[in-house]
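Working notes, structure below.
Below, each value reflects all heavy atoms present in this structure, side chains not excepted, and no hydrogens, waters or symmetry copies. Letters A, B, ... are given to chains in the order of the sequence lines, protein chains preceding strands, and every chain is numbered from 1.
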2 protein chains.
Amino acid sequence: MSIRHGLLALLDQGPRYGYQLRTEFEARTGATWPLNVGQVYTTLGRLERDGLVEAAGEDDEGHQFYAVTHEGRAELRRWFDTPVPRTNPPRDELAIKLAMAVTVPGVDVAAVVHGQRRHSMQALQDYTRLKGRALAADSGSGGDLAWLLVLEQLIFQTEAEIRWLDHCEARLAQHAERAATAAPSGPAAPTARRAVKSRDRGRTR
Amino acid sequence: MSIRHGLLALLDQGPRYGYQLRTEFEARTGATWPLNVGQVYTTLGRLERDGLVEAAGEDDEGHQFYAVTHEGRAELRRWFDTPVPRTNPPRDELAIKLAMAVTVPGVDVAAVVHGQRRHSMQALQDYTRLKGRALAADSGSGGDLAWLLVLEQLIFQTEAEIRWLDHCEARLAQHAERAATAAPSGPAAPTARRAVKSRDRGRTR
DNA sequence: CGAGCGCCACATACCCGGTATACATACTCG
DNA sequence: CGAGTATGTATACCGGGTATGTGGCGCTCG
């Protein structure tokens with residue numbers, strides 16, 4: 001639902017047409033999340049269908065303008081007022097991958113962690129370099145606050161990811177060590193296949 | 001592509017049927033990403049269509065089993081060998097929201113940040129409590145390493161999010177201050193609407 | 001004892017987001 | 001002038017997410 005609301009927010013500044021929205025969206029989130037143009041038109045269609053937006057005529061060049069409706073403004077206010085739910089966050093592919101890696105036998109977990117760490121470090125450096133450029137370009141008054149904040153979000157998240165990977169490495173070592181001391185000669189049940197019935201770990205809500 | 005590969009990894013341990021896969025998937029990623037059963041069947045269908053998986057008969061109770069093919073195993077190995085790309089990461093709704101909040105006039109950005117911070121703190125506490133429970137339940141040898149790692153990933157990410165929110169607050173204050181000193185009596189262009197043409201901030205790749 | 005309830009199991013429909021692509025016009029530069 | 005590039009709109013297709021429908025089976029409780 002982020003694109004939907006993002007476009008709504010942009011339209012709140014006044015009527016816009018499709019391509020223009022794409023341009024303005026990318027000016028804020030930049031290269032990190034390039035927005036496919038097609039997405040804009042389909043989303044506008046859905047917004048219009050749901051009554052949050054309405055066609056507002058064409059200009060002399062044939063650009064189809066859209067404007068927020070009253071209901072659209074209400075929806076926008078609701079979006080800003082309620083926090084994005086961080087209980088059940090979006091699936092993270094890396095987390096799933098590691099969860100699988102430590103479970104299925106025959107996967108070199110340490111190698112997976114290392115490979116990912118190198119890649120994430122590279123990404124972090126790229127982001128940091130971009131941030132430096134953004135700060136330099138913007139030496140005067142804060143021109144592109146939005147872009148800067150998005151960049152810093154990426155930096156914070158990537159740093160956390162790297163720390164987590166290091167933490168995983170430590171935990172894996174500790175885990176291996178424990179297994180070794182527990183069963184010095186041949187582990188009793190190295191990858192003890194739990195019975196399928198063992199579901200119902202305590203759910204949240 | 002994470003579910004696709006996740007199921008593939010589970011099937012690598014031997015033939016399974018649909019519901020069983022859901023159960024085993026949730027045993028690892030737990031309450032955080034509850035997997036809808038329907039998703040399993042549609043994904044299995046696609047995997048079969050793509051030749052990564054094949055039907056492996058039914059048992060006496062009519063359960064339709066699936067098994068990885070040779071090509072499926074190759075695909076799985078490829079998945080583990082290549083890091084998940086952290087350049088162009090998935091869209092983060094919170095980042096988009098703040099990017100919009102600082103751009104469109106008439107939004108109380110500080111309130112948005114604060115509301116989100118409280119919510120994220122709550123989520124962090126929930127995760128920490130879950131982790132405590134997981135560690136207690138698992139006092140012996142590491143029974144549920146996967147679930148623990150996933151939990152810790154969430155904790156690390158949420159901590160980073162909170163730090164980022166605090167950072168945003170600081171940056172906003174500094175930004176407001178700069179604007180005040182730059183133009184003591186009425187800011188020259190408070191929300192300087194950049195011309196639409198100002199695209200092409202330096203792209204990555 | 002049998003009516004409901006909840007779990008197991010499979011299937012389908014629908015929506016949204018992501019990507020590619022088709023197609024048309026205008027400008028620019030060698 | 002023609003090729004390439006930017007502007008602009010539209011559509012098709014895929015994968016992921018969610019809700020819902022449909023049975024069968026076992027358990028519990030009045």
For [X] and [N], give me the distance from atom [atom1] to atom [atom2], rounded to whole Å.
| X | N | atom1 | atom2 | result |
| --- | --- | --- | --- | --- |
| A:Tyr66 | D:dG8 | OH | P | 15 Å |
| A:Arg16 | D:dT9 | CZ | C1' | 18 Å |
| A:Leu7 | C:dG17 | CG | C1' | 12 Å |
| B:His63 | D:dC25 | NE2 | P | 11 Å |
| B:Gln39 | C:dC15 | CD | C1' | 13 Å |
| B:Phe65 | C:dA9 | CZ | P | 9 Å |
| B:Trp33 | D:dT18 | CH2 | C1' | 18 Å |
| A:Leu35 | C:dT19 | CG | C1' | 12 Å |

Members of residues 41-49 of chain B that approach DNA chain C, where some heavy atom sits under 4.0 Å away: B:Tyr41, B:Thr42
Are any of [X]'s side-chain N or O atoms less than 4.0 Å away from OP1 or OP2 of [N]?
| X | N | answer |
| --- | --- | --- |
| B:Tyr19 | C:dC8 | yes |
| B:Tyr17 | C:dA9 | yes |
| B:Arg22 | C:dC10 | no |

To check you understand the geometry: which heavy-atom pair defines the closest contact between [X] and [Y], and what is its length?
| X | Y | value |
| --- | --- | --- |
| B:Tyr17 | B:Phe65 | CD2-CZ, 3.6 Å |
| B:Pro34 | A:Arg91 | O-NH2, 3.5 Å |
| B:Trp164 | A:Gln153 | NE1-N, 3.2 Å |

Sugar-phosphate, base or nothing in reach of A:Gly18, heavy atoms under 4.0 Å: sugar-phosphate
Sugar-phosphate only, base, or nothing, as touched by A:Val37 at under 4.0 Å among non-hydrogen atoms: base
Per A:Asn36 side chain, nearest of listed nucleotides D:dG17, D:dA19, C:dT19: C:dT19
Pairing of A:Arg117 and A:Glu169 as salt bridge, 4.0 angstrom limit: no
Basic-acidic side-chain contact under 4.0 Å: A:Asp81, A:Arg78: no
CA sep, side-chain torsions, deciding dist, call: B:Arg86, A:Thr158, side chain to side chain donor-acceptor pair (under 3.5 Å): CA-CA 8 Å; B:Arg86 252 28 183 174; A:Thr158 311; over 6 Å; no
Over 12 non-hydrogen atoms of neighbours within 6.0 angstrom of CZ in B:Arg118: no
Given DNA chain C, 5'-ward residue of the pair B:Arg91 and B:Gln64, judged by closest heavy atom: B:Gln64
